[in-house]
Structure formats: C-alpha cells, structure tokens
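To start, the structure itself, in structure tokens.
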Amino acid sequence: MVIDFSSFYNLPRQLDRFFDETWRPSTISQRRNAYPPVNISEDKSNIYVFSEIPGVDIEDIDITLSDGSLVIKGNRKHGTGSYYRQERPTGLFQRVVNLNVPINLDKVNAKMKDGILEVVIPKADEAIPRKISIKAE
Amino acid sequence: MTSEVKKRETNTLPRFSPNTDIIEQQDGFHIYMDMPGVAKENLIIDLKENDLEIKAKANYPRMEGVSNIHLEFGDCEYNRSFTISDVVDRENIKASMRNGVLEMFLPKAEKAKPRKIQIQAG
C-alpha cells in the first residue's frame with residue numbers, strides 16, 4: 001500500500017526546511033531550538049507566556065512556578081500502528097522561563113486553545129511602576 | 001512528492017509544511033498534523049482525484065499595549081498535500097480538529113481489507 005510516493009529522504013523538502021529555518025521572518029527574533037516554542041510579552045501589570053503545544057490536553061500539562069521561573073512540563077504521546085511517516089515530536093518535554101520580577105502567585109491563570117497554551121502571570125504590586133506626584137512648593 | 005512548499009511572493013505570511021504522522025491501522029489510515037493556532041474555520045481540505053491538499057492559516061490574537069520580549073512563533077500558513085491510492089475509501093474520509101492537531105481518518109475500501117479465505121475440505 002502506497003500512500004506517500006516520496007522517497008525516505010525527501011530532498012526538496014529538506015532543502016525547504018533548511019531555508020525556512022535559516023531565513024526566518026523578521027518578526028520572529030529567535031530561532032526555535034528548544035521545545036516547545038514560547039512567546040513572551042509583558043505589559044505594566046502582567047507577563048504573558050504563550051506556547052505552541054498541539055495535541056496535548058491542558059490536564060496533561062504541568063505548570064509550576066518556583067523561584068521566579070515558570071516551568072512547563074508535559075508528555076506527547078504517540079499512537080499505535082505501523083508508521084509510514086513520523087515527524088511529530090513525541091515524549092517528555094520541559095521548558096523553563098525565567099521571570100525576573102516578583103509575581104503574584106495566587107492569580108496566575110493558564111488556558112489552552114487550538115494547541116496554544118496561554119499563561120498570564122500578574123506581577124506583584126511592588127513590581128508595578130507607579131507614578132509619584134511631586135508637590136511643588 | 002508529499003509536500004511541495006510553494007512560495008508566493010505576494011503573500012507575506014511565512015508558510016510551513018506541518019509535521020505529520022501517517023499511521024496505518026487495521027481499519028484504515030490515520031493522519032495527524034500539528035497545526036497549532038488553527039481554528040476549524042481557517043482550515044481547507046481539498047480532495048481532487050488522488051490529491052489531498054490541506055491548507056490552513058494560523059492567527060494568533062494580537063495584543064495591544066504589550067511589549068514582546070521573546071518571540072519564537074507567529075502567524076503563518078500551513079500547506080501540505082498527499083497522494084492517496086485506490087485503497088482509500090474516498091467517500092468516508094473523516095477529519096476533525098482538536099487541540100491544534102488535525103486528525104484525518106482514511107478508511108480502507110471494502111475490497112482492500114484483508115480477508116481470510118476459507119478453505120473447504122473436499
């Protein structure tokens with residue numbers, strides 16, 4: 001049974017891959033060399049961490065906050081049967097994100113949509129910049 | 001060729017060929033494709049004769065008033081096509097999208113299923 005006519009080492013695809021990796025769009029600042037890829041943004045009061053983890057339920061992802069770092073852990077399972085092609089990564093993964101600001105541990109919020117994990121970490125009150133009004137005399 | 005990545009100059013979105021698993025089981029073939037950020041509405045599956053083409057667009061919610069510290073992924077397009085053989089029952093191909101993974105089930109046509117042949121003792 002042939003479902004996939006390409007050779008095992010699909011050279012054109014490999015080349016495309018290589019060029020995709022080398023000339024990444026300028027919006028993406030870092031190359032992905034760790035799994036899972038993360039995006040980190042912040043505003044005055046929150047830190048937002050997004051991560052691409054397709055095919056994993058939120059219950060199977062372990063999110064821990066300790067010592068100012070966020071740890072995302074999980075396991076990607078694979079199906080059974082005879083594989084014609086396997087490109088999706090499987091197995092245990094872990095990614096650590098260092099947070100250099102004090103955070104409010106009680107109000108951390110995580111949700112998952114379309115394979116994207118979103119973690120919102122509120123900064124602790126003392127880390128939020130505040131305007132101090134100066135009275136002129 | 002499984003994945004001819006065609007580059008269009010007019011389009012600014014980066015285009016990727018999604019990671020794919022193809023597994024054969026007793027009843028048919030399961031294709032899993034990692035397409036994080038793709039909602040069901042942004043997915044197009046076309047079957048033309050022997051070619052099954054999958055196109056999708058991943059849109060991440062834009063956030064206003066935030067500064068991006070570190071970015072490793074962004075909006076993109078996914079594109080990949082497969083050639084399927086006559087063994088597949090085209091009428092009953094099923095597709096579902098769950099947690100950013102497209103799962104397609106291509107059942108084997110009745111005539112292609114392995115069958116035990118009874119031997120009659122004569």
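The chains referred to below are lettered A, B, ... by the order of the sequence lines, with proteins before strands, and numbering in each begins at 1.
- Taking all atoms of both residues into account, the shortest heavy-atom contact from B:P36 to A:G115 is CB-O, 4.0 Å.
- Minimum interatomic distance between B:V38 and A:D114 (heavy atoms only, all atoms of both residues): O-CG, 3.6 Å.
- A single hydrophobic cluster is not seen to contain both B:I23 and B:V88; linkage of ILVMFWY side chains at heavy-atom distances under 4.5 Å, directly or through other members, places them apart.
- At a heavy-atom separation below 4.5 angstrom, chain B is approached by no residue within residues 97-105 of chain A.
- Under the 4.5 Å side-chain heavy-atom criterion for grouping Ile, Leu, Val, Met, Phe, Trp and Tyr, B:L102 is not connected to A:Y83 through any hydrophobic cluster.
- The minimum heavy-atom distance linking B:D34 with A:R88 is given by the pair OD1-NE, 2.8 Å.
- B:Q25 places a side-chain N or O within 3.5 Å of a backbone atom of A:T80 that can act as its donor or acceptor partner.
- Annotation: the span from A:Y84 atom OH to B:T20 atom OG1 amounts to 16.0 Å, rounded to 0.5 Å.
- Between A:P89 and B:N19, the shortest heavy-atom contact is CD-ND2, 4.0 Å.
- Annotation: ring pair (Phe, Tyr, Trp, His ring centres under 6.0 Å) contacts of B:F105 (sequence neighbours excluded): B:H30.
- Residue contact with chain B, scored on non-hydrogen atoms closer than 4.5 Å, involves the side chain of A:Y48 exclusively.
- Here B:S67 is the residue among B:G65, B:S67, B:G100, B:C76 with the most heavy-atom pairs under 4.5 Å with chain A.
- Legend: salt bridge (charged side-chain N to carboxylate O under 4.0 Å, His left out) pairs involving residues 40-49 of chain B, not counting sequence neighbours: none detected.
- Surrounding CZ of B:R90 are more than 12 heavy atoms belonging to other residues, nucleotides or ligands, all under 6.0 Å away.
- Between A:S41 and B:N68, the shortest heavy-atom contact is OG-OD1, 2.9 Å.
- Cluster membership check: A:I116 shares its hydrophobic cluster with B:V66, using side-chain heavy-atom separations under 4.5 Å among Ile, Leu, Val, Met, Phe, Trp and Tyr.
- The contact list for residues 55-66 of chain A toward chain B, using heavy atoms and a distance under 4.5 Å, reads A:G55, A:V56, A:D57 by residue number.
- Each of B:V101 and B:M97 belongs to its own hydrophobic cluster when Ile, Leu, Val, Met, Phe, Trp and Tyr are linked at side-chain heavy-atom distances under 4.5 angstrom.
- The line from CD of A:E42 to CD1 of B:I69 is 4.0 Å long, rounded to the nearest 0.5 Å.
- No side-chain heavy atom of B:D21 sits under 4.5 Å from any side-chain heavy atom of A:R85.
- Judged purely by distance below 3.5 Å, without hydrogens or angles, the side chains of B:Y60 and A:E52 pair a donor atom with an acceptor atom.
- Checked options A:P37, A:P36, A:S51; the residue passing with B:E72 is A:P37 (criterion: side-chain contact (heavy atoms from CB on, under 4.5 Å)).
- In terms of hydrophobic clustering, with Ile, Leu, Val, Met, Phe, Trp and Tyr side chains grouped at heavy-atom distances under 4.5 Å, B:M33 and B:F16 are assigned to a common cluster.
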